[in-house]
Amino acid sequence: MSTRPVLLMVDDRASSFTRHAARALPQELVLLRFAELRGDLSEDYLRETAHLPAFWVREGVPLAQEARRYRDWAGELPVAPTRFCNPSEPRQHLAQRFAALVGLPHLSERQVTWVRDKAAMKERFRELGLRTAAFARVRSAAEVARFAERYGRPLVLKPVDSFACVDTFLLPGPEAAAEVDFAARDFMVEQYLGGTEWEVCALIHDGEVLAAWPSAMPCRPLDIVDGAMNANISVGTDEGPPVDLRAMLQRIVTGMGIDHGYAHMEFFVVDGEVFAGEIGVRLAGCEIPANHGHAYGFDVFGATLDVYLGRRPRLEYRERRCAGDLLLPLPGTGIVRRVTGADELLCLPGVIEAVLRVGVGDPVAARRASHNASGHVHVVGDSIAQVEQRMRAVLDAFTIEVVPAREAEAIATNPADEADAVAASPDREPDPVAR
């Protein structure tokens with residue numbers, strides 16, 4: 001029987017972190033899953049994690065009732081969890097409330113509001129003495145117009161609880177706001193900032209920021225969702241931003257009363273001034289945490305598990321380089337007809353890892369979100385510029401072709417008509433090959 005603490009971890013999607021945890025903690029990990037999200041977990045992933053105990057929160061049942069059922073269920077385990085980790089942004093409110101109901105370490109309702117409601121978050125940043133872009137909650141196009149009269153255009157419009165740029169838009173003129181359904185979600189508007197946008201991740205133990213790792217963004221997230229290169233580059237060299245990152249993050253961690261965990265934050269440097277963007281108290285999205293492991297040469301996921309298990313990790317770096325994740329394009333919804341293989345990508349300069357999520361014949365669904373991708377590669381180099389150059393070479397070499405499902409069905413029925421079927425489709429993308 002294990003004498004180490006056992007971790008209850010929210011598992012609403014497969015990720016590099018959840019897969020690492022499943023391998024690293026075969027006897028110290030329990031999964032918390034939600035029946036309503038069962039479709040987001042593939043059969044392969046469920047088989048991969050079948051050795052771990054998993055509690056499924058039933059759909060439509062009061063959470064307090066499910067918490068009581070969990071306590072009975074956990075009481076039958078060899079060792080019940082005493083620690084909690086939620087790596088999911090959209091599940092923050094639900095997950096932290098569940099942890100509170102079952103007596104595990106958790107963020108309070110107030111803390112969840114600070115890290116999920118972007119308007120409340122920026123208000124807290126200002127209370128802590130940090131600059132932010134001008135912002136306001138809005139309920140109509142008229143309120144957006146009044147904000148624009150004061151702060152100019154373009155503006156950024158977003159739901160206060162969005163993530164991955166879902167339903168987030170740059171508004172160049174008044175006509176764009178007229179198309180928004182303001183009744184659908186709680187929206188805010190903010191001033192568009194120039195300068196350079198950066199990202200930084202941190203590990204927190206016992207209220208202390210142990211380390212802060214900056215990432216460069218070759219393209220801004222709002223440009224990414226409109227087709228720009230989707231990449232982040234962890235900067236293990238001296239090219240990072242001229243900001244005391246640990247001090248900035250410590251001010252926020254202390255001011256929000258965060259005891260432990262992984263945090264990531266976007267911020268802007270404009271004419272030498274720092275503006276706080278947004279912060280999340282959970283793992284960064286895409287493959288950003290893995291970038292830090294490659295850039296500094298250490299087990300970033302192991303260190304993250306340590307802080308959630310209540311242990312202070314030993315941060316011993318063996319590298320100092322730049323390392324980034326490049327998300328490979330997913331150009332449309334339909335069936336994959338062709339895609340460059342991982343083996344080909346691994347032959348390119350600087351590519352140390354290549355993961356394809358799709359294969360020929362697979363159905364895929366593209367969406368306007370910063371994590372929309374058909375896979376990813378990790379690329380290393382001596383500088384930000386070298387990594388970015390190598391990433392663009394990967395995009396030049398990568399090809400994926402997606403055809404609408406009915407075209408794929410027609411082609412399967414009569415392969416000889418493939419060229420005619422593709423050319424005749426009224427829904428065909430102008431260029432189905434995304435590079």
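Heavy-atom basis, side chains included; hydrogens, waters and symmetry copies ignored. Model, not experiment: these values are computed from the prediction.
Note that CZ of Arg220 and CD of Glu197 are 5.5 Å apart. Values are rounded to the nearest 0.5 Å. Note that CG of Asp186 and OG of Ser162 are 12.0 Å apart. Values are rounded to the nearest 0.5 Å. Atom CH2 of Trp114 sits about 4.0 Å away from atom CZ of Arg124, to the nearest 0.5 Å. Atom-to-atom distance recorded for Thr168:OG1 and Leu157:CG is 8.0 Å, nearest 0.5 angstrom. Interatomic distance, CE of Met9 versus OG of Ser88, reported as 11.0 Å (0.5 Å rounding). Distance check: Gln27 CD to His51 NE2 gives 10.0 Å after rounding to the nearest 0.5 Å.
Minimum heavy-atom separation, Ala177 to Leu171: CB-CD1, 4.1 Å. Closest of all the heavy-atom pairs between Leu203 and Pro313 is CD1-CG, 4.3 Å. Considering every non-hydrogen atom in both Ser16 and Glu287, the closest pair reads OG-OE1, 2.8 Å. Closest approach of Phe147 to Ala134, counting heavy atoms only: CZ-O, 3.5 Å. Nearest heavy atoms, Leu29 versus Pro53: O-CD, 3.7 Å. Pro87 approaches Cys85 most closely through the heavy-atom pair CD-O, 3.6 Å.
In this model, a donor atom of one side chain and an acceptor atom of the other lie less than 3.5 Å apart for Arg126 and Thr132.
Arg251 places a side-chain N or O within 3.5 Å of a backbone atom of Leu128 that can act as its donor or acceptor partner. Of the possible donor and acceptor atoms, one in the side chain of Glu66 sits under 3.5 Å from a partner among the backbone N and O of Arg58. Formation of a donor-acceptor pair under 3.5 Å by the Gln65 side chain with backbone atoms of Val61 is not found in this model. Looking at Gln250, its side chain does come within 3.5 Å of a backbone N or O of Gly207 through a donor-acceptor pair. Panel note: side chain Gln111, backbone Ser108; a donor-acceptor pair is recorded below 3.5 Å. Without hydrogens or angle criteria, Arg246 side chain to Ala212 main chain gives no donor-acceptor distance under 3.5 Å. At distances below 3.5 Å, not a single donor-acceptor pair connects side-chain atoms of Glu388 with backbone N or O atoms of Ile384. Remark: side-chain polar atoms of Tyr45 are not paired, donor with acceptor, to backbone N or O of Ser15 under 3.5 angstrom. In this structure, Thr18 contributes its side chain and Ala14 its backbone to no donor-acceptor pair below 3.5 Å.
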Practice prompt. Check step by step if side-chain contact (heavy atoms from CB on, under 4.5 Å) holds for Phe398 and Val339.
Written response: CA-CA 8 Å; Phe398 180 74; Val339 63; 3.8 Å; yes
Discussion item. Let's go through Arg23 and Phe301 carefully: what are the C-alpha distance in whole Å and the side-chain angles of both, what is the deciding distance for side-chain contact (heavy atoms from CB on, under 4.5 Å) to 0.1 Å, and is it a yes or a no?
Written reply: CA-CA 11 Å; Arg23 294 190 301 268; Phe301 291 140; over 6 Å; no
Practice prompt. Any chance you could lay out the side-chain contact (heavy atoms from CB on, under 4.5 Å) test for Ile288 and Trp213, step after step, and finish with the verdict?
Written response: CA-CA 10 Å; Ile288 294 173; Trp213 308 303; over 6 Å; no
Practice prompt. Take Val180 and Val144 through the test side-chain contact (heavy atoms from CB on, under 4.5 Å) and record every step on the way to the result.
Written response: CA-CA 11 Å; Val180 175; Val144 174; over 6 Å; no
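Residues Pro5 and Arg311 form a side-chain contact, since some pair of their non-hydrogen atoms from C-beta on lies under 4.5 Å apart. Proximity of Arg390 to Leu348: side-chain heavy atoms (C-beta onward) are nowhere separated by under 4.5 Å. A heavy-atom distance below 4.5 Å is not found between the side chains of Leu222 and Phe169. Within the 4.5 Å cutoff, no side-chain heavy atoms of Leu249 are placed close to those of Phe267. Between Asn230 and Asn372, every side-chain heavy-atom pair lies at or beyond the 4.5 Å cut-off. Annotation: side chain of Asp206 is in contact with side chain of Asp259 (closest heavy-atom distance under 4.5 Å). Leu395 places a side-chain heavy atom less than 4.5 Å from the side chain of Pro329. Looking at heavy atoms from C-beta onward, Ser374 lies out of side-chain contact with Val364 at the 4.5 angstrom threshold.
In this structure, Asp223 places its CG atom where more than 12 heavy-atom neighbours from other residues, nucleotides or ligands lie under 6.0 Å away. The 12-atom threshold is exceeded at CD of Glu127, counting heavy atoms of other residues, nucleotides or ligands nearer than 6.0 Å. Around CZ of Arg139, the count of heavy atoms belonging to other residues, nucleotides or ligands within 6.0 Å does not exceed 12. Surrounding CG of Asp226 are more than 12 heavy atoms belonging to other residues, nucleotides or ligands, all under 6.0 Å away.
Look at Arg185 and Asp161 and you find a salt bridge, because one of the NZ, NE, NH1 or NH2 atoms lies within 4.0 Å of a carboxylate O, short of that distance. Between Asp167 and Arg368, none of the side-chain N atoms (NZ, or NE/NH1/NH2) sits under 4.0 Å from a carboxylate O, so this pair counts as no salt bridge. A salt bridge links Lys122 with Glu190: at least one charged nitrogen is closer than 4.0 Å to a carboxylate oxygen. Using a 4.0 Å cut-off between charged nitrogen and carboxylate oxygen, Arg33 and Asp11 count as a salt-bridge pair. For Arg320 and Glu239, the salt-bridge test fails: no basic side-chain N is under 4.0 Å from an acidic carboxylate O. Salt bridge absent: Arg69 and Asp72 never bring a charged side-chain N and a carboxylate O closer than 4.0 Å. A salt bridge is absent between Glu401 and Arg337: the closest approach of a Lys/Arg side-chain nitrogen to an acidic carboxylate oxygen does not fall below 4.0 angstrom. Between Asp117 and Arg137 a salt bridge is recorded (basic side-chain N to carboxylate O distance below 4.0 Å).
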List, one per line, each side-chain donor-acceptor pair under 3.5 Å for residues 98-105, sequence neighbours excluded.
none

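Within the structure, side-chain hydrogen bond (donor to acceptor under 3.5 Å, both in side chains) pairs that include any residue of residues 90-103 comprise Asp12-Arg91, Asn86-Gln92, Gln92-Gln96 (at least two apart or interchain). Screening residues 343-354 for salt bridge (Lys or Arg N to Asp or Glu O under 4.0 Å), with sequence neighbours left out, gives no hits.
Using the six-membered ring where Trp is involved, His378 and His376 have ring planes that are perpendicular, over 60° apart on the 30 and 60° scheme.
Ring to ring, Tyr296 and Tyr317 are close: their centroids are under 6.0 angstrom apart.
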